[in-house]
Amino acid sequence: MKTEWENIMFDWSRYLVVGHAFGARYDLPIPLLLFVLGGGAVVFASFLLVLPRTVPVEGVSILPDRREARRLSLPPAVLAWIVFALLIVSGFIGSQAVAENIVPTAFWLLIWIAVPVSCGVLGDWTRQVNPFAALARAADRPDLRQTLLAGPAVAWPDWLGWWPATVLFFIVACGELIYNATATKPAVTAFGLLIYAVVNIAAGLVFGSEVWLERGELFSVLYGTWG
């Protein structure tokens, strides 16, 4: 028998999940054309917000690079790793019902939606608690790189720009909006997080953590942009 507190938490979790359209599909209450045009208008308006930050360079408008270094103290990194590990374990061994597992709510509602919005209001406060950034920094060791790669870090190609972060954002957005019936399953989300953790370790080792977090790591770029 569930306690009253467990029933309350289950109800709140179910409402949050259903409210974000996880689970059963439904028909739009408005014509599809209006929905598509409205969504496009919102995206267009969101890009207008960053126009004042652009600077002209030889006739081309670009965003200035972030110059401050991101340093991570040990306690936040350890805490981030512990929470990340618990989410992975919960996704694999916990209930696979979306409304009964903390992983879909923690990732798809908090990490993917609530945290970026909070960064837009407060600034990017996530730099010291981002577990993927912590993993990239942990792998960014010259001695380890010399042992495994027999050389220094690989220079980030200019043509690569921010495309890795862009592609990763597109993949996760497709999981949320198109393939959500599969992507929001706890085990699938946990597996994706685990694979992405390995990607960050490899990228931090090959390219160095600072350039990877600045140009390639999805959440560092996403939260920094919102911030």
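We use all heavy atoms of the structure for the numbers below, so side chains are in, but hydrogens, waters and symmetry mates are not. None of these values were measured; they are calculated from a predicted model.
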Colleague: Is it true that atom CZ of Phe191 has more than 12 heavy atoms of other residues, nucleotides or ligands lying nearer than 6.0 Å?
Modeller: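 At most 12 heavy atoms, drawn from other residues, nucleotides or ligands, come within 6.0 Å of this atom.
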Colleague: Please confirm whether the backbone N or O of Glu214 pairs with a side-chain atom of Trp162, one donor and one acceptor, at under 3.5 Å?
Modeller: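 Yes, because the side chain of Trp162 sits within donor-acceptor range (under 3.5 Å) of the backbone of Glu214.
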Colleague: Nearest heavy-atom pair of Leu222 and Pro116: which atoms, and what distance?
Modeller: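 Between these two residues, the closest heavy atoms are CD2-CG, 4.1 Å.
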Colleague: If you measure from CZ on Arg127 to CG on Leu213, what distance do you get to the nearest 0.5 Å?
Modeller: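 Reported value, rounded in 0.5 Å steps: 10.5 Å.
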Colleague: Determine whether Val129 and Leu79 make a side-chain contact, defined as any pair of heavy atoms from C-beta on separated by less than 4.5 Å.
Modeller: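 Result no, sub-4.5 Å side-chain heavy-atom pair not found.
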Colleague: Do the side chains of Val103 and Leu110 join up, straight or via other hydrophobic residues, at under 4.5 Å, putting them in one cluster?
Modeller: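 In one cluster: no.
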Colleague: Please tell me whether Val42 and Leu177 are part of a single hydrophobic cluster in this structure, the criterion being side-chain heavy atoms less than 4.5 Å apart.
Modeller: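 Shared cluster, no.
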Colleague: Between Phe107 and Phe219, what is the ring plane arrangement, given parallel below 30°, perpendicular above 60°, and tilted in between?
Modeller: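 Rings of Phe107 and Phe219: perpendicular, as their planes differ by over 60°.
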Colleague: Testing the basics here: between Gln96 and Pro186, what is the closest heavy-atom pair and its distance to 0.1 Å?
Modeller: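 Of all heavy-atom pairs spanning Gln96 and Pro186, the closest is O-CD, 3.5 Å.
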Colleague: Let me confirm one number: the CZ-OG1 distance from Arg215 to Thr166, rounded to the nearest 0.5 Å.
Modeller: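 The OG1 atom of Thr166 is 11.0 Å from CZ of Arg215, to the nearest 0.5 Å.
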Colleague: Does Val221 offer a backbone N or O that forms a donor-acceptor pair with the side chain of Trp226 under 3.5 Å?
Modeller: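 Checking the backbone N and O of Val221 against the side chain of Trp226, no donor-acceptor pair under 3.5 Å is found.
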Colleague: Which atoms form the tightest heavy-atom contact between Gly175 and Ala183, and what is the distance?
Modeller: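 Residues Gly175 and Ala183, closest heavy atoms: O-CB, 3.3 Å.
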Colleague: Could you work out, with side chain to side chain donor-acceptor pair (under 3.5 Å) as the rule, every residue matching Thr126, not counting sequence neighbours?
Modeller: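 Asp124.
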Colleague: Give me the atom names and distance for the closest heavy-atom approach of Pro131 to Trp81.
Modeller: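 Closest approach of Pro131 to Trp81: O-NE1, 3.6 Å.
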Colleague: Starting from Val167 and following side-chain heavy-atom contacts under 4.5 Å between hydrophobic residues (I, L, V, M, F, W, Y), which residues can be reached?
Modeller: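 Its cluster partners, ordered by chain and number, are Ile171.
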Colleague: Do Phe84 and Asn130 have side-chain heavy atoms sitting under 4.5 Å apart?
Modeller: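 Counting from C-beta outward, Phe84 and Asn130 never come under 4.5 Å.
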Colleague: Rounded to the nearest 0.5 Å, how far does CH2 of Trp112 lie from OG1 of Thr189?
Modeller: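 Thr189 atom OG1 to Trp112 atom CH2 measures 12.0 Å (nearest 0.5 Å).
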Colleague: Name the atoms and distances for all side-chain donor-acceptor pairs under 3.5 Å in residues 194-208, with sequence neighbours left out.
Modeller:
unit_1	atom_1	unit_2	atom_2	d
Tyr196	OH	Glu217	OE2	2.7
Tyr196	OH	Leu218	N	2.8
Asn200	OD1	Trp212	NE1	2.8
Asn200	ND2	Tyr196	O	2.8

Colleague: For a quick test of reading the model, state the closest non-hydrogen atom pair linking Ala136 to Ser209 and the distance between them.
Modeller: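 Taking every non-hydrogen atom into account, O-CB, 3.7 Å.
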Colleague: Report yes or no: do Val43 and Leu37 belong to one cluster of Ile/Leu/Val/Met/Phe/Trp/Tyr joined by side chain heavy-atom distances under 4.5 Å?
Modeller: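 Shared cluster, no.
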Colleague: Looking only at heavy atoms, what is the nearest atom pair of Ile88 and Leu193, with distance?
Modeller: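 Shortest heavy-atom separation between Ile88 and Leu193 comes out as CD1-CB, 3.6 Å.
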Colleague: Can you find a heavy atom in the side chain of Glu210 that is under 4.5 Å from one in the side chain of Asp140?
Modeller: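 A side-chain contact under 4.5 Å is absent here.
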Colleague: Do Val172 and Phe170 sit in the same hydrophobic cluster, where Ile, Leu, Val, Met, Phe, Trp and Tyr count as joined when their side-chain heavy atoms come under 4.5 Å apart?
Modeller: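 No, Val172 does not connect to Phe170 through the hydrophobic network.
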Colleague: Hydrophobic cluster membership, with links at side-chain heavy-atom distances under 4.5 Å among I/L/V/M/F/W/Y: are Leu122 and Ile111 in one?
Modeller: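 Leu122 and Ile111: one cluster.
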Colleague: Just verifying a value: how many Å separate Asp143 CG and Leu148 CG, rounded to the nearest 0.5 Å?
Modeller: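 Asp143 CG to Leu148 CG: 9.5 Å, rounded to 0.5 Å.
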